[in-house]
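This report concerns only the one structure given below.
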Amino acid sequence: MSTRETVLAAIATKLAALATGRVYRSRREQLPGLPAIIIQPASADADEVVLGLLDQRLRVAISIYAEGDVPDTAADAVLSGVWSALQADPHLGLGNEVHLEQAHTIDWEFEAFDQVRVTLTVTANYRTAVGTM
């Protein structure tokens, strides 16, 4: 498994207790219920700062699907739980070579009159050997 997949799996593990356990990686099927969380890689880049090693930056999109009478606040409790879970262990249990940045973005998309998708994008930094992911 690549370090990228290890980081994504660690995020999924940290969030597993949220959204009534509906936490998925790259789900394509219809969601069985809301709220739900989908974790996907958004983008990645790397620099060779130290000869033979790559400093990797993986941006991870954590999408929260929710519904409620006030859709712009329907995902707030889950969003807060996601942020708290990630900040409780910014190394994701993977040691000091992995670190989540504090900087983040949040985007809201309204799917229907009472549904919302809130996407929290975070960046994980880690180091790999040149030639590995």
Side-chain angles (χ1 to χ4, degrees):
M1 180 184 311
S2 68
T3 305
R4 175 180 38 85
E5 267 308 309
T6 300
V7 168
L8 292 168
I11 290 172
T13 299
K14 293 287 179 193
L15 305 182
L18 300 173
T20 319
R22 290 186 287 265
V23 178
Y24 308 100
R25 283 270 297 113
S26 304
R27 186 174 176 92
R28 297 180 139 249
E29 300 84 23
Q30 184 171 343
L31 295 169
L34 298 178
I37 299 171
I38 298 177
I39 302 161
Q40 297 176 297
S43 65
D45 61 84
D47 294 314
E48 187 176 11
V49 178
V50 178
L51 188 62
L53 296 174
L54 291 175
D55 285 342
Q56 306 261 4
R57 285 170 302 282
L58 172 64
R59 276 162 291 291
V60 180
I62 302 167
S63 297
I64 301 162
Y65 293 82
E67 63 185 343
D69 292 335
V70 183
D72 56 326
T73 62
D76 285 358
V78 177
L79 177 61
S80 179
V82 166
W83 184 250
S84 294
L86 294 177
Q87 294 307 300
D89 181 11
H91 300 290
L92 302 172
L94 300 174
N96 289 336
E97 289 298 313
V98 174
H99 183 76
L100 287 179
E101 293 181 5
Q102 290 288 317
H104 62 278
T105 61
I106 302 173
D107 296 302
W108 285 262
E109 293 180 47
F110 298 96
E111 304 283 320
F113 292 114
D114 61 350
Q115 295 179 341
V116 65
R117 176 176 62 189
V118 178
T119 302
L120 169 66
T121 303
V122 297
T123 302
N125 297 298
Y126 55 92
R127 183 169 277 173
T128 62
V130 170
T132 64
M133 299 292 281

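All figures in this text were calculated on a predicted structure; none of them were measured in a lab. One is the number of the first residue; the rest follow in order along the sequence.
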Discussion item. Do F110 and I64 sit in one hydrophobic cluster, given that two such residues count as connected whenever their side-chain heavy atoms are within less than 4.5 Å of each other, even indirectly?
Written reply: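 Yes, because F110 and I64 connect within a single hydrophobic cluster, where side-chain heavy atoms sit under 4.5 Å apart.
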Discussion item. With a 4.0 Å cut-off on N to O distance, would you call D45 and R59 a salt bridge?
Written reply: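 Salt bridge flag = yes for R59 with D45.
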Fill in: Test item: H104 side-chain N/O and Q102 main-chain N/O as donor-acceptor pair under 3.5 Å
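Answer holds: yes.
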Fill in: Backbone of I39 reached by a side-chain donor or acceptor of R25 within 3.5 Å
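Between the backbone of I39 and the side chain of R25 there is a qualifying donor-acceptor contact (under 3.5 Å).
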Item to complete: Output all residues satisfying side chain to side chain donor-acceptor pair (under 3.5 Å) with T6, sequence neighbours left out; order by chain, then residue number.
Response: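 In terms of side chain to side chain donor-acceptor pair (under 3.5 Å), with neighbours along the sequence ignored, T6 is linked to no residue.
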In Å, rounded to the nearest 0.5 Å, how long is the span from [atom1] of [X] to [atom2] of [Y]?
{"X": "L86", "Y": "L92", "atom1": "CG", "atom2": "CG", "answer": "7.0 Å"}
{"X": "L15", "Y": "W83", "atom1": "CG", "atom2": "CH2", "answer": "12.0 Å"}
{"X": "L120", "Y": "S80", "atom1": "CG", "atom2": "OG", "answer": "11.0 Å"}
{"X": "I62", "Y": "T121", "atom1": "CD1", "atom2": "OG1", "answer": "8.0 Å"}
{"X": "I37", "Y": "I11", "atom1": "CD1", "atom2": "CD1", "answer": "11.5 Å"}
{"X": "T3", "Y": "L94", "atom1": "OG1", "atom2": "CG", "answer": "9.0 Å"}

What's the shortest heavy-atom distance between [X] and [Y], and which atoms?
{"X": "V78", "Y": "A19", "answer": "CG1-CB, 4.4 Å"}
{"X": "V23", "Y": "A12", "answer": "CG1-O, 4.1 Å"}
{"X": "P32", "Y": "R22", "answer": "CG-CD, 4.2 Å"}
{"X": "A88", "Y": "P90", "answer": "C-CD, 3.9 Å"}
{"X": "P71", "Y": "V116", "answer": "O-CG1, 3.1 Å"}

Worksheet entry | Side-chain hydrophobic cluster, 4.5 Å single linkage: members besides L31 |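 Via sub-4.5 Å side-chain contacts, L31 links to Y24, L34, I38, Y65.
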Would you list the pairs meeting salt bridge (Lys or Arg N to Asp or Glu O under 4.0 Å) in which at least one residue belongs to [range], sequence neighbours left out?
{"range": "residues 61-75", "result": "none"}
{"range": "residues 33-42", "result": "none"}
{"range": "residues 76-89", "result": "K14-D89"}

Could you pull out every donor-acceptor pair under 3.5 Å between side chains of residues 46-54 and any protein atom, sequence neighbours left out?
residue: D47; atom: OD2; partner: R57; partner atom: NH1; Å: 3.4
residue: D47; atom: OD2; partner: R57; partner atom: NH2; Å: 2.8
residue: E48; atom: OE2; partner: G52; partner atom: N; Å: 2.9

Worksheet item: Is the count of non-hydrogen atoms from other residues, nucleotides or ligands lying under 6.0 Å from E29 atom CD greater than 12?
Response: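 Yes, because the 6.0 Å sphere around CD of E29 holds more than 12 heavy atoms from other groups.
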Fill in: Donor-acceptor pair between N125 and Q56 side chains, under 3.5 angstrom
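There is no such pair (donor and acceptor under 3.5 Å, judged by atom type) between the side chains of N125 and Q56.
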Item to complete: Starting from the C-alpha separation in whole Å, work towards a yes-or-no answer on side chain to side chain contact (heavy atoms under 4.5 Å, CB included) for L8 and V60.
Response: CA-CA 8 Å; L8 292 168; V60 180; 3.8 Å; yes
